[in-house]
Every structure is written in structure tokens, then in C-alpha cells.
Amino acid sequence: MNISYLLIGGNEGDRVAALAAARTHIEAAAGPIRNASSLYETAPWGKTDQADFLNQALQIETLLDAPALMDTLLGIEAQMGRSRTAKYGSRIIDIDILFFNDAIIRQPRLVIPHPEIPNRRFVLAPMEEIAPFYIHPVLGVSVRELLLTCKDPLVVKKTDAERAKQQRT
């Protein structure tokens, strides 16, 4: 069994429903979700003239190898209506493989760990919630350490729905 960490996100339409649909598709096609972060809202990164994003980190178990998982996730994005028209543009769903076991993969269509992890607070905040002590296999430091030293200035916050849910528990 393989363990992979994913980041799902989007900023078009009903963002909460889109992330829920993505989770359902991921479980059906790739394997069970073993852990999920809260939902986090962030201003857009790279292209700022668009709606805020909602993001969530997931830990999944899968029988798929990394390339097959990537193909599966791209298929889910297409099935959900993702179109790739502009780099960093708005999207209904985006599903990235952050980590796959402790693998280091450098292929034309697949780079693991995701190369931008240390530079993006919107990735590190939800990852830190579910795997603070996971060691980045290239950098040799924990997700928590990466978050503490991240220079990304964008504010990442749990959504109001998440805060309300936590206050009730």
C-alpha cells in the first residue's frame, strides 16, 4: 500500500461542494482518504485578479503507483470540468500530488515532491494540520519547519464553516 499526500483546491462555483465531490472521486478511483485537513481559504497565488481559493490537504492510501495516481487525478479533474486555459488561472478543481511515500521522482510529467511546497503557505498550512512531522524527502526538514520558515506573505485561514464546526466540538 502506498501513502500519498494530496492538495485539492478550487475557486470557481460552489467551492465546498467541488472539494467534497473531488474527495468522493478520489476515494472511488484512487483509494481511501485516511486523513483530511480543515478547509483553508487563501487569496489567489500567482494571478491575483480572481476569486479566493479553498484548499484542503488529504492523506490517501492507494494501490496505484505514482504515475498511475497522477493519471487518475488528471482524469478526475477533467471529469469535474477542469480546463487548463491560463497558468495560475481560476479553476473548479485542482488536485496535486505533494508527496508519494518518500519517493523522489523527476519525470517530464511528474515531479514528486511537488517542487513548490516550501514556497506556498496555502500548501503548508493544511499539510501541517495533518502531518506536521512528515519529513520532506529532498529537504530533510519537517512540514512544520517548512511552514515556520515559509516566506509566502499570503494569509491562509480556516474557513468560517471550519471555525464554527470546531467551536461546536
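- Scanning all heavy atoms of the two residues, the minimum distance from Leu58 to Ile33 falls at CD1-CD1, 4.0 Å.
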Please evaluate residues Asp152 and Asn119 with respect to the criterion side chain to side chain contact (heavy atoms under 4.5 Å, CB included), reporting the C-alpha separation (whole Å), side-chain torsions for both, the decisive distance (0.1 Å), and the verdict. CA-CA 6 Å; Asp152 180 358; Asn119 305 319; over 6 Å; no

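- Between Ala103 and Pro113, the closest heavy-atom pair is O-CD, 3.8 Å.
- Glu61 places a side-chain heavy atom less than 4.5 Å from the side chain of Ile3.
- In this structure, Val123 and Asn55 have side chains that are not in contact, with every pair of non-hydrogen atoms separated by 4.5 Å or more.
- Side-chain N or O atoms of Ser4 include one that pairs as donor or acceptor with a backbone N or O of Phe99 at under 3.5 Å.
- Of all the heavy atoms in Arg121 and Leu154, the pair that sits closest is CD-O, 3.3 Å.
- Closest approach of Thr42 and Phe122 over heavy atoms only: OG1-CB, 3.4 Å.
- With rounding to the nearest 0.5 Å, the separation of CE in Met127 from CG in Asn35 is 9.5 Å.
- When each of Leu98, Ile117, Leu124 is paired with Val143, the side-chain contact (heavy atoms from CB on, under 4.5 Å) condition holds for Leu124 and for no other.
- Judged by distance alone, with hydrogens and angles left aside, the side-chain atoms of Glu129 form a donor-acceptor pair with the main-chain N or O of Ser38 at under 3.5 Å.
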Without placing hydrogens or testing angles, list every side-chain donor-acceptor pair under 3.5 Å for residues 131-142, not counting sequence neighbours.
{"residue": "Tyr134", "atom": "OH", "partner": "Asn101", "partner atom": "O", "Å": "2.5"}
{"residue": "Tyr134", "atom": "OH", "partner": "Asp102", "partner atom": "OD1", "Å": "3.3"}
{"residue": "His136", "atom": "ND1", "partner": "Val138", "partner atom": "N", "Å": "3.2"}
{"residue": "His136", "atom": "ND1", "partner": "Leu139", "partner atom": "N", "Å": "3.1"}
{"residue": "Ser142", "atom": "OG", "partner": "Arg144", "partner atom": "N", "Å": "3.4"}
{"residue": "Ser142", "atom": "OG", "partner": "Glu145", "partner atom": "N", "Å": "3.0"}
{"residue": "Ser142", "atom": "OG", "partner": "Glu145", "partner atom": "OE1", "Å": "3.1"}

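- Each ring-ring contact (aromatic ring centres under 6.0 Å, His included) pair with one or both residues in residues 55-75, not counting sequence neighbours, would appear here, but there are none.
- Applying the side-chain contact (heavy atoms from CB on, under 4.5 Å) criterion to Thr24, with sequence neighbours excluded, gives no partner residue.
- Residues that satisfy the ring pair (Phe, Tyr, Trp, His ring centres under 6.0 Å) test with His25, not counting sequence neighbours, are absent from this structure.
- Val155 and Leu146 fall into different hydrophobic clusters, where Ile, Leu, Val, Met, Phe, Trp and Tyr residues are linked whenever their side-chain heavy atoms come under 4.5 Å apart, directly or through other members.
- For Phe100, there are no ring pair (Phe, Tyr, Trp, His ring centres under 6.0 Å) partners at least two apart in sequence or on another chain.
- Put simply, CD1 on Ile95 and CD1 on Ile76 are 5.0 Å apart, with the number rounded to the nearest 0.5 Å.
- Minimum heavy-atom separation, Val156 to Ala125: CG1-CB, 3.8 Å.
- Of the options Glu12, Arg15, Glu77, a side-chain contact (heavy atoms from CB on, under 4.5 Å) to Ile93 is made by Glu77 and by none of the others.
- Tested against Ile105, the residues Ile97, Val111, Leu110 include a single side-chain contact (heavy atoms from CB on, under 4.5 Å) partner, Leu110.
- Under the 4.5 Å side-chain criterion, counting only non-hydrogen atoms from C-beta, Leu69 is not in contact with Asn2.
- Proximity of a side-chain donor or acceptor of Thr62 to a complementary backbone N or O of Ala30 within less than 3.5 Å is detected.
- Here CG of Asp96 is found 4.0 Å from NE2 of His114. Values are rounded to the nearest 0.5 Å.
- Apart from Met1 itself, the hydrophobic cluster it occupies contains Leu63, where clustering links Ile, Leu, Val, Met, Phe, Trp and Tyr at side-chain heavy-atom distances under 4.5 Å.
- The backbone N or O of Asp71 lies less than 3.5 Å from no partner atom in the side chain of Arg109, so there is not a single donor-acceptor pair.
- For Gln107 against Pro67, the heavy-atom pair with the smallest separation is OE1-CG, 4.2 Å.
- The backbone N or O of Lys157 sits nowhere less than 3.5 Å from a side-chain atom of Glu41 that would complete a donor-acceptor pair.
- With rounding to the nearest 0.5 angstrom, the CD atom of Glu116 is 13.0 Å from the CG atom of Leu7.
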